[in-house]
Amino acid sequence: MAIHHKRPALLGGKAIMEAIAASFKRLTPAYQMRNPVMFVVYVGAIITTILCFYHAPGSTEKTWFVVWTCVWLWFTALFANFAEAIAEGRGKAQAETLKAARKDLPARKLKSAKDKSNCETVSSSSLRKDDIIFVEAGDFIPGDGQVIEGVASVDESAITGESAPVIRESGGDRDAVTGGTRILSDWLVIRITSNPGESFLDKMISLVEGAKRQKTPNEIALAILLAGMTIIFLLATVTLLPFSMYAVEKTGSGAVVSVTVLIALLVCLAPTTIGGLLSAIGIAGMDRLIVANVVAKSGRAVEAAGDVNVLLLDKTGTITHGNRQAAAFYPVDGIAHQQLAEASALASLADETPEGKSIVHLAVSRHNVKERKSTDIEGSFIPFSAETRLSGVTLKDGQILKGAADAIEAHVERLGGRSSPTARAQIEKIARDGGTPLLVAQGPKILGVIHLKDVIKHGIKERLADLRRMGIKSIMVTGDNPLTAAAIAAEAGVDDYIAQATPQTKLDYIKKMQAGGELVAMVGDGTNDAPALAQADVAVVMNSGTQAAKEAGNMIDLDSDPTKLIEVVEIGKQLLMTRGALTTFSISNDLAKYFAIIPAAFASTYPALMKLNVMGLTSPESAILSAVIFNALIIIFLIPLALKGVKYLPASANSLLQRNVLIYGVGGVIIPFAGIKLIDMLLTAAGVS
Amino acid sequence: MNLSFNDWAQIALYFAVLFLAVKPLGLYMAKIYEGERTFLSSKMGWLERGLYKLCGINAQEEMGWKAYSVHVMVFSTFTLLALYALLRLQTHLPLNPAGMGKITPDLAFNTAASFTTNTNWQAYGGESTMSYFSQMVGLTLQNFVSAAVGMAVLVAFIRGFVRKTAKTIGNFWVDMTRSVIYILLPLSLVFAVILTSQGVVQTFRPYVEAHLTAATMGSDHKPVAVQTIAVGPAASQIAIKQLGTNGGGFFNVNSAHPFENPTALSNFLEMLAILLIPAALCYTFGYMIRDTRQGWAILIAMTVILLPLMIFCASQERGGNPRLTQIAAIDQSSGNMEGKETRFGVVNSAIWAAATTAASNGSVNSMHDSYTPLGGMAPLLMIQFSEVIFGGVGCGLYGMIVYVLLTVFIAGLMVGRTPEYLGKKVQSFEIKMASIAILVPLVATLGGAAIAVLTAAGKAGAFNPGAQGFSEILYAFSSAGNNNGSAFAGLNANTPFYNTALGIAMLFSRFWCMLPVLAIAGALAAKKSTPVSAGTLPTHTPLFVSLLVGVVVLVGVLTYVPALALGPIAEHFNMLKHLHS
């Protein structure tokens with residue numbers, strides 16, 4: 001499991017002070033204008049401030065009422081600013097550590113990649129794309145780049161929070177290095193891949209600071225809707241002035257509704273709760289992603305993750321443990337179990353691969369084979385190569401080899417031995433069950449078969465079932481043959497699989513899915529994944545991956561954990577759900593506010609309307625004030641929810657909707673009745689009424 | 001509840017017959033719009049093809065949403081101007097046996113705007129203003145085409161959901177022509193014949209002079225011995241005014257007039273005709289998107305709003321006005337009969353009032369102004385739900401689908417997905433257009449009413465003082481701003497101010513809703529379609545239907561409650577206060 005960054009507490013003392021300061025600083029017209037809903041509150045606050053000092057002639061309005069309304073309108077604006085500032089503050093601490101890593105570093109720039117001695121020392125800030133640099137143990141890597149020569153261990157903890165060093169080398173799938181990380185051993189020649197200000201670190205800093213946060217498509221759509229609703233309520237309240245004038249004129253009783261009351265009504269009706277929390281929700285969503293150690297290149301990608309309905313999951317690492325493990329020995333032709341186990345263990349002693357280690361482990365733990373080290377043996381080891389597809393050991397009394405069935409059989413036949421029909425049958429059986437058979441031979445004699453098995457990760461089956469409940473199909477991608485793939489797919493419970501996957505088959509599969517309207521997410525790391533990553537709607541790239549893959553993807557997982565994709569989807573969904581829930585809550589609140597304000601506003605003209613004062617609020621002034629105060633305080637109360645996100649459950653759309661409508665819709669209707677009544681009682685007790 | 005078994009039975013019968021007609025008619029209309037052959041193809045096909053040939057229309061040509069909109073606007077502008085000219089030139093045109101005089105420019109504008117927008121607000125009295133020619137050629141023709149335009153836009157809108165990554169949404173001329181030839185014309189023909197069988201007049205003869213057996217006194221206190229009885233080609237106009245949700249009566253008192261609506265059967269059929277096509281179009285929609293559950297869901301949502309308000313209205317009227325009993329000892333045991341016809345009674349008046357305001361029909365068989373405060377608020381509220389509860393033919397359903405998009409957007413977010421409806425993602429462009437379509441009627445209604453109460457000309461129109469007078473003004477602008485056409489009759493609307501203001505409100509509301517809807521259609525047609533999965537928000541469930549109902553009601557109520565508080569609500573509580581004092 002990855003080591004996650006230490007999170008600042010939800011509301012630390014220092015963070016709160018900074019957020020409060022920011023709330024005031026943001027009370028400028030230019031800043032407020034960015035959010036139409038809150039701008040209405042802002043203008044309302046300014047108008048009531050003027051009304052505090054200037055009374056309309058003939059107005060009977062009580063000054064204290066105007067002052068109180070005015071104060072709480074300012075609070076409403078401040079609370080919204082505060083919510084945003086608090087959300088941003090949570091990313092700040094992380095931005096600080098990242099900034100420390102970005103400090104100006106000396107860099108040894110090479111004239112050419114061939115000649116490592118001919119270098120000049122320049123500042124990292126002067127490095128441009130395609131510059132070639134040289135770094136060695138102890139150096140900080142001055143910029144993002146691709147390793148073109150050398151192998152080195154690198155400490156990437158500044159970026160990933162993971163303290164174990166990682167290997168970076170040229171030519172493979174581990175050729176990407178990040179600026180600000182440190183070389184621990186050896187040296188590298190690196191081709192720089194980003195210009196100053198565009199590096200991964202820069203992107204990450206601007207992301208966590210929320211400074212360059214682009215509004216996401218759904219956020220824009222919601223903002224339009226909220227602005228539209230605000231216009232509706234603006235219309236409904238502005239026209240009330242002439243309507244009220246007409247009513248007073250015709251009945252000859254009471255006073256025309258005051259501007260203060262109209263502003264209070266407008267602010268209460270406008271969706272200020274969601275309007276005030278909207279940007280905080282967005283920032284917090286990105287923040288949750290960072291907590292999961294994933295860096296998204298854009299907020300758009302996070303939202304898209306919520307929409308995904310097909311997940312391409314790599315078998316290895318996601319569905320199964322990274323490696324196959326030996327599950328059983330099957331001796332043939334009169335060979336004893338013990339003998340096969342002994343021989344297999346010997347052949348694997350020097351095999352450092354997890355498969356090799358698991359064979360030794362199985363022999364030792366189950367067949368009482370003596371535990372030995374490769375150095376205890378007199379003999380030479382034959383390493384595995386892709387060409388021979390076998391490995392083993394040469395001892396005094398002969399050679400023991402293990403490997404792919406056809407390779408071993410060919411080898412045995414070359415030595416004059418015979419292939420064993422029993423072994424062949426066993427091999428076929430293992431393959432049919434999704435396992436990998438290894439044949440073991442001593443000299444020209446086949447001893448038996450080792451059953452290597454993919455071990456399904458604990459809990460993955462449940463997780464995939466959760467995905468299915470949410471309507472997301474999981475597709476297992478594997479290089480295995482179809483038989484093996486089908487067996488593992490069935491065991492893990494994926495919906496479909498791509499066997500013998502090549503970059504091209506992956507790309508084709510994604511295109512086919514997309515043509516059917518599906519949104520596809522995938523995980524990748526290698527350069528050959530790049531085309532598929534670029535084609536996928538959401539592409540999470542392992543931080544250990546190549547530079548090409550990182551550029552093709554739209555999210556980078558710093559932990560290089562392929563399971564992370566599922567988490568990313570959940571974060572995307574949660575982000576949208578929080579917005580939807582708070583919008584519903586915000587609108588549902590209006591009902592109670594009408595019951596508070598309408599009778600209060602018009603009772604002087606039509607006293608009979610006091611029948612609508614179902615909450616029994618003390619006076620018209622306290623009724624309106626209670627609604628305004630409730631409206632302001634609810635923003636503060638909902639900040640934790642906005643930051644944490646509404647509870648996410650893997651369930652079908654209909655049951656999620658049912659749950660959220662019940663909590664935020666029905667709850668949103670009821671809560672303000674209680675809240676407004678309570679505030680009115682407190683105001684009355686305090687003598688403000 | 002104060003309704004009798006008979007009252008309940010009448011309401012139940014009404015809905016039962018209506019719902020029985022939904023599927024056959026809806027299916028038939030879907031086939032017409034999809035260009036399939038029907039039993040009328042062989043009989044009417046020559047007319048369709050002939051019209052295309054005559055007008056130089058290429059029926060195969062497909063239009064994008066912008067082209068479609070331009071054709072809608074050009075056609076509507078042309079018919080608006082033509083009707084205006086026809087009305088202004090009435091005295092020079094034939095078929096004017098009663099010698100109807102000139103129509104003022106403002107009234108002609110108002111009437112032309114009203115009939116072009118399918119509103120059929122009538123600031124005039126038919127039998128005392130319009131010649132037979134104006135009624136038949138001007139108004140009736142417009143009744144057909146204005147309804148057909150609404151249906152055409154709906155069909156184009158539906159194609160936005162049906163088509164995938166397409167640039168076009170159909171051909172306006174084809175959609176409109178088919179609506180008229182295969183749907184409105186045959187239905188109206190059959191209906192008109194049935195109406196004449198019930199006694200609705202249909203004649204070119206001049207008004208009849210009847211010699212009274214007992215002389216009476218006129219309003220000028222002179223004895224009257226001869227009564228002029230207005231007749232005319234009424235049945236042909238009444239059939240389409242009911243079916244096409246037009247509502248413009250042949251006679252001033254609309255379907256309260258015995259020659260327009262003589263019997264209980266004619267009344268039932270006319271009520272049925274109000275909601276017939278709007279209800280059936282829901283099925284047409286479901287069929288065209290190949291998921292009839294979606295159509296039924298919308299129809300049920302509409303009914304869930306209409307039915308309680310209808311019952312509420314009937315119940316309020318059944319209860320009568322207790323103040324009348326208190327002050328003048330007027331018997332209210334049969335309910336509030338002021339402004340109602342004895343041959344229909346309270347419940348059939350209430351069913352009609354609710355249906356005609358739910359659908360943007362606007363025809364009446366009783367006078368809404370005379371309803372009890374809350375009984376009269378029911379029709380007013382139905383109008384203020386932006387005429388999406390059944391609504392006008394075509395426009396009601398596309399308006400409702402705009403509300404569906406809004407509901408899907410909020411509900412969709414709550415399930416954690418970019419909201420989608422019928423596989424199409426609802427994104428910022430659609431929300432922007434939907435917001436405009438929802439906002440426009442509100443602006444027309446509240447803005448118009450505000451201007452009216454601020455100006456002397458506006459205030460002069462109200463017949464009653466105080467809250468009732470305000471209700472009259474609010475009702476007029478609600479009616480015009482939502483293209484309904486019914487009125488709280490107390491308002492004196494045939495003045496330059498009201499004719500102009502209401503005319504503008506009608507045009508503004510009709511076309512500024514239509515254009516965003518077509519824009520949405522274009523945007524949706526261009527999108528890919530997302531296949532349905534467990535993560536897709538189902539839009540045919542009871543839960544979604546309740547949410548949709550909630551959104552429609554909430555938008556309507558939140559927008560209009562402050563204004564209603566100063567009108568019917570204040571009046572109601574005043575009535576109660578006086579009752580108890």
Side-chain angles (χ1 to χ4, degrees), chain A residues 217-218 220-222 224-225 228 231-233 235-237 239-240 242-247 250-251 265 269 303 306-307 309 468-473 516-519 572-574 576-577 579-581 583-584 587 590 594 598 602 606 608-609 611 648 652-654 656-658 660-661 664-665, chain B residues 164 406 409-419 423 426-428 430-432 435-436 438-439 442-443 446-447 449-451 453-454 459 465-467 469-470 528-531 533-538 541 543-544 547 550 554-555 558-563 565-566 569-570 573-574 576-577:
Chain A
N218 277 314
I220 295 170
L222 181 55
I224 290 171
L225 179 67
I231 297 173
I232 291 178
F233 292 127
L235 197 68
T237 42
T239 52
L240 266 188
F243 293 168
S244 169
M245 284 157 62
Y246 179 82
K250 290 288 170 181
T251 59
L265 181 60
L269 294 181
E303 264 186 8
D307 291 346
N309 33 23
R468 196 165 312 111
R469 222 167 296 141
M470 298 188 300
I472 300 173
K473 277 190 268 183
E518 314 269 10
L519 276 165
K573 285 198 177 293
Q574 202 186 21
L576 297 185
M577 278 163 59
R579 283 198 199 120
T583 304
T584 310
I587 302 169
D590 284 357
Y594 265 136
I598 295 291
F602 301 123
Y606 295 115
L609 282 176
K611 287 252 184 223
Y648 170 82
S652 74
N654 207 42
L656 276 178
L657 182 63
Q658 200 162 358
N660 286 333
V661 165
Y664 300 98
Chain B
K164 289 163 196 169
L406 202 66
F409 185 76
I410 298 171
L413 286 181
M414 275 198 284
V415 305
R417 280 262 290 255
T418 295
V426 182
Q427 289 161 312
S428 55
E430 290 78 27
I431 289 297
K432 195 184 291 174
S435 300
I436 293 174
I438 287 172
L439 199 57
L442 309 183
V443 172
L446 286 174
I451 292 170
V453 298
L454 279 175
K459 283 190 271 195
F470 177 69
K528 290 195 287 188
S529 180
T530 317
S533 74
T536 313
L537 175 80
T541 57
L543 179 63
F544 186 81
L547 265 182
L554 210 64
V555 170
L558 290 182
T559 312
Y560 291 109
V561 153
L566 291 174
I569 299 175
F573 286 118
N574 268 344
L576 291 185
K577 191 181 76 180

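From a predicted model like this one, the values you see are computed outputs, not experimental measurements. Order of the sequence lines fixes the chain letters, A, B, ..., with proteins taken first and strands second; residue numbering starts at 1 for each chain.
Interface residue B:Leu537: backbone and side-chain heavy atoms are both found under 4.5 Å from chain A. Using a 4.5 Å cut-off between heavy atoms, B:Phe470 touches chain A through backbone and side chain atoms alike. At a 4.5 Å heavy-atom cutoff, the contact between B:Leu406 and chain A is made by side-chain atoms alone. Of the two parts of B:Leu454, only the side chain, counted from C-beta on, holds a non-hydrogen atom closer than 4.5 Å to a non-hydrogen atom of chain A. Residue A:Gln574: no heavy atom, backbone or side chain, is found under 4.5 Å from chain B.
With a 4.5 Å cut-off on side-chain heavy atoms, B:Phe573 and A:Tyr606 do not count as touching. Counting heavy atoms from C-beta outward, A:Leu657 and B:Leu547 have side chains that approach closer than 4.5 Å. At a threshold of 4.5 Å between non-hydrogen side-chain atoms, the residues B:Thr418 and A:Leu519 do not count as touching. A:Ile587 is listed as a side-chain neighbour of B:Leu558, based on a closest heavy-atom distance under 4.5 Å. Looking only at side-chain heavy atoms (C-beta outward), A:Asn654 and B:Leu543 come within less than 4.5 Å of each other. Within the 4.5 Å cutoff, side-chain heavy atoms of A:Ile232 are placed close to those of B:Ile438. You'll find the side chain of B:Val453 stays beyond 4.5 Å of the side chain of A:Met245, heavy atoms only. Between B:Pro419 and A:Asn218 the shortest side-chain heavy-atom distance falls below 4.5 Å.
Across B:Arg417, B:Lys528, B:Glu430, the residue that shares the most heavy-atom pairs under 4.5 angstrom with chain A is B:Arg417. Among A:Leu225, A:Leu269, A:Ile231, A:Leu656, the residue making the largest number of heavy-atom pairs under 4.5 Å with chain B is A:Leu225. Among the candidates B:Leu439, B:Leu446, B:Ile431, the residue making the largest number of heavy-atom pairs closer than 4.5 Å to chain A is B:Leu446. Contact count versus chain B (heavy atoms, under 4.5 Å) is highest, among A:Tyr664, A:Phe243, A:Phe233, A:Tyr648, for A:Phe243. Per-residue heavy-atom pair counts under 4.5 Å with chain B were compared for A:Asp590, A:Asn309, A:Leu265, A:Leu609, and the maximum is reached by A:Leu609. The residue among B:Ala449, B:Gly423, B:Gly550 with the most heavy atom pairs within less than 4.5 Å of chain A is B:Ala449.
Looking at every heavy atom in both residues, B:Leu566 comes nearest to A:Ser244 through CD1-N, 3.9 Å. Across all their heavy atoms, A:Ala608 and B:Lys577 have their closest contact at CB-CD, 4.3 Å. Minimum interatomic distance between A:Ala236 and B:Thr559 (heavy atoms only, all atoms of both residues): CB-O, 3.5 Å. Between B:Lys432 and A:Ile224, the shortest heavy-atom contact is CA-CG2, 3.7 Å. Across every non-hydrogen atom of B:Ser428 and A:Ile220, the tightest pair is CB-CG2, 4.0 Å. In plain terms, the two heavy atoms of A:Gly516 and B:Pro531 that are nearest each other are O-CD, 3.2 Å.
Distance check, rounded to the nearest 0.5 Å: NZ of B:Lys459 to NZ of A:Lys250 gives 7.0 Å.
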